[in-house]
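The basis for the numbers below is simple: all heavy atoms, side chains too, and nothing from hydrogens, waters or symmetry mates. Protein chains get the first letters and strands the later ones, always in sequence-line order, with residue 1 at the start of each.
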Protein chains: 2
Amino acid sequence: MQPNMENPVRQPTARRVTIADVSEALGLTKSTVSRAMNGYPDIAESTRARVMRMAEKMGYRPLSHAQAIRTGRVRSIGFIIETAEHDAHRPFLAEFLAGISSAASLEGWTLTVAAASSPLNTLQIIEGLCADRKADGFILPRTLRTDDRIATLRRLQVPFVMFGRTGDPTDCAWYDIAGEDAMQSAVQKLAASGHRRIAFVNGGKQYNYTHLRHEGYAAGLQAAGLTFDAALVRENCMSPEDGRQAARALLALDQPPTGFVFAMDRAALGLYDAARDLGLQVGRDISVIAYDGIIEGATMTPPLSTFSVNIRRAGERLGTLLIRRVRGSAPETLRRVEQATFLDRGSAATPARSSEQLANLLRDTAAKP
Amino acid sequence: MQPNMENPVRQPTARRVTIADVSEALGLTKSTVSRAMNGYPDIAESTRARVMRMAEKMGYRPLSHAQAIRTGRVRSIGFIIETAEHDAHRPFLAEFLAGISSAASLEGWTLTVAAASSPLNTLQIIEGLCADRKADGFILPRTLRTDDRIATLRRLQVPFVMFGRTGDPTDCAWYDIAGEDAMQSAVQKLAASGHRRIAFVNGGKQYNYTHLRHEGYAAGLQAAGLTFDAALVRENCMSPEDGRQAARALLALDQPPTGFVFAMDRAALGLYDAARDLGLQVGRDISVIAYDGIIEGATMTPPLSTFSVNIRRAGERLGTLLIRRVRGSAPETLRRVEQATFLDRGSAATPARSSEQLANLLRDTAAKP
DNA sequence: CTTGTTGCCGAAACCGGTTTCGGAATGGAT
DNA sequence: ATCCATTCCGAAACCGGTTTCGGCAACAAG
């Protein structure tokens, strides 16, 4: 008897090829075919080859959810979007998901996406997805300084891979871009062009990478023989508006910076607004190098010089790392840190004026209107 | 004997509550519990209540992939991102996915995301996901004028819901925003403010909504008693740069427009650049009303007046519609069209000059430097 | 008091795979 | 020739659900 439904949509009538079809065609049993395809060592190589060939020929593809009922694995990568989170990562999202998904499909895996409204809700959703076996593991974007997601997943004994390193590496696998190296390199580039006062506009302190980038900035100063000045550092700037205000404040200093390093492109966009308001030209009066490689940067005048992160590639890497992790590789063997690519597009050059001259210029323009 | 694996990650040892546990606790059989929970009519209401209560109490949650092996349904919504596609929709993606996901989880469904590199690849991925039963149905963003995805899904007899209407509505369910009404209203608002020459900068012709919005623009002119002038219409503008060029070209006309209607905010951002280059002030010398409601619009000076689309809500609606569709509701009963919300933020006002005066002004400024 | 109905539930098969267990060949050593 | 260890595969149970089928009560109709 049918349950209480109006008019359920019929599935296509063409019956699937099952493992029984394959075994029958070969004169073997289901168990032999199954073990042959899953790499069990007690199957002769010749038999395995026969099985694989026949499976290929007949177009047999095991149903992952039929396997899952016994194995507990659904061949799916879990990913959670936090919408309440600062919106900075959204422009990357499509590329990032595309990367994960393409790595997943290479191995016959899929990507399961869920949305959370808060960090706490994220934990609840992780628990729910694990309880329902909807994902075999998780990719965690934006590693925090202290990250509850890690504790939760450790407790549930569910594998995960982080986008970004973390302090306590126990059980942790990760992929990351060496933002600290980029920041250091940015400072050195500006210093090599003649900049003596170099500011740093950093992101949110809750993120682990923010601290790394700050270290990179400091290391750059040291390598260039410049002294660290806390007045030249602004924290917690994520949006263009944040960046604009930071730039205004820095340019209002008695000894304003002529060079700017931004931890993120989005904030650096605000520098252009500040420069226009003050009658300064980016790439001449002031120089800037940022980080991320967002598309908007390329359409500025001059285009924003930046350390570009291949976010799609990051997704791919994270996807393959997670699959390996689920399959049993030790987390210590699943850690990758790659370098960002510097795009020299003209927003950083030899300073037209020293910090003092710039300060005088700004005083004059401020007095004029 | 174990297959060839290094060190597979162990699943949590706490065994799940299965249907057998529930049936045993009640002194019933598995089949009774199953039918009780799935709404079969041959189960007494009193029994059903007992079952539901006990299932709740014991925390029983059926495994969707265990159900799927018999039912063929995995309770999952499929969604495909086309990365090669014009990047305009990316800023919305997070909100959109969040909407779908939240609607899905209300019903215990999940969201399966895949990425495609081209329209053809999209079809291949749809076929793959359907063959592997990874999704019970699909949400199709950005309905095209003639859309191969529809044909493929019809052939596979897999349900789908579109974000955007289409010409041939056979089997089609959809959710859409009445962009044509917004465009018409935009024209009428500008006309009511005194604009006589009103331009229209439209999006890509491959999208169905582009044609609808064009009709809306024409209807707006007619309602305002203005005549249609093909010189005032620019097609295929998706990016800020497209919009900038379109605005420049329109303002170079002998009778330039004083009012602009943009089919998308992103293109309208370029108008601000064009205006600055020409020494015009948006909201005074020229007026603009656009469509979408992207965040960048709010940070322009003056902020962009626009018809805002609640993209998260759209995702939610599409999610619930698709679930209903999979459960058997007829597509004709699953069609919703809602209105966009007008945000009056100052970029549209009474024109300071007529089209002729504007043309003279532009000639003067062009001659000066 | 039979004879249908009807309502309600149990027994068992089934879905498409995986995994355990045992045993039939095979080969080498004694 | 015998014995033992391997190699390799079949038989059957199992995973957690769903669905078919049939049968037992209870009740109404004849």
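- Rounded to whole Å, atom P of D:dC21 lies 13 Å from atom CG of B:D42.
- Rounded to a whole Å, the CD atom of B:Q67 is 16 Å from the P atom of C:dG16.
- A:E107 CD: more than 12 foreign heavy atoms inside a 6.0 Å radius.
- Closest to the side chain of A:A44, from the set D:dC9, C:dC15, C:dA12, is D:dC9.
- Comparing D:dT18, D:dC14, C:dG10 by their nearest atom to the side chain of A:R70 picks out D:dC14.
- Nucleotide D:dA11 holds its P atom 13 Å from the CD atom of A:E24, rounded to whole Å.
- No donor-acceptor contact under 3.5 Å links the side chain of A:R35 to the base of C:dG17.
- Separating the CE atom of A:M37 from the P atom of C:dT18 is a distance of 8 Å, rounded to the nearest angstrom.
- Base engagement by B:S34 is indicated by at least one non-hydrogen atom pair under 4.0 Å involving a base atom.
- Spacing between atom NE2 of B:H65 and atom P of C:dT18 amounts to 13 Å, rounded to whole angstrom units.
- Summarising the geometry, the separation between NZ on A:K30 and P on C:dC15 is reported as 10 Å, rounded to the nearest angstrom.
- The side chain of B:I43 has C:dC9 as its nearest neighbour among D:dC9, D:dG17, C:dC9.
- Contact between the side-chain N/O atoms of A:T32 and the OP1/OP2 oxygens of D:dC9 is not found at any separation under 4.0 Å.
- B:Y40 places its OH atom 6 Å from the P atom of D:dT20, with the value rounded to the nearest Å.
- Annotation: B:Q124, atom CD; neighbour count of heavy atoms from other residues, nucleotides and ligands within 6.0 Å is above 12.
- Rounded to an integer number of Å, the gap from CG of B:L26 to C1' of C:dC9 is 13 Å.
- Between A:Y60 and the phosphate of C:dG17, there is a side-chain N or O to OP1/OP2 separation shorter than 4.0 Å.
- A salt bridge is absent between B:E82 and B:R149; no separation between the charged side-chain nitrogens and carboxylate oxygens falls under 4.0 Å.
- A side-chain contact (heavy atoms from CB on, under 4.5 Å) with B:Y175 is found for exactly one of B:V337, B:I139, B:L318, namely B:L318.
- B:S31 has no side-chain polar atom (N or O) that falls below the 4.0 Å cut-off from OP1 or OP2 of D:dT18.
- Residue B:T29 places its side chain closer to C:dG10 than to any other of C:dG17, C:dG10, C:dC9.
- B:W174 carries B:R335 over the face of its six-membered ring, with the cationic atom under 6.0 Å from the centre and within 45° of the normal.
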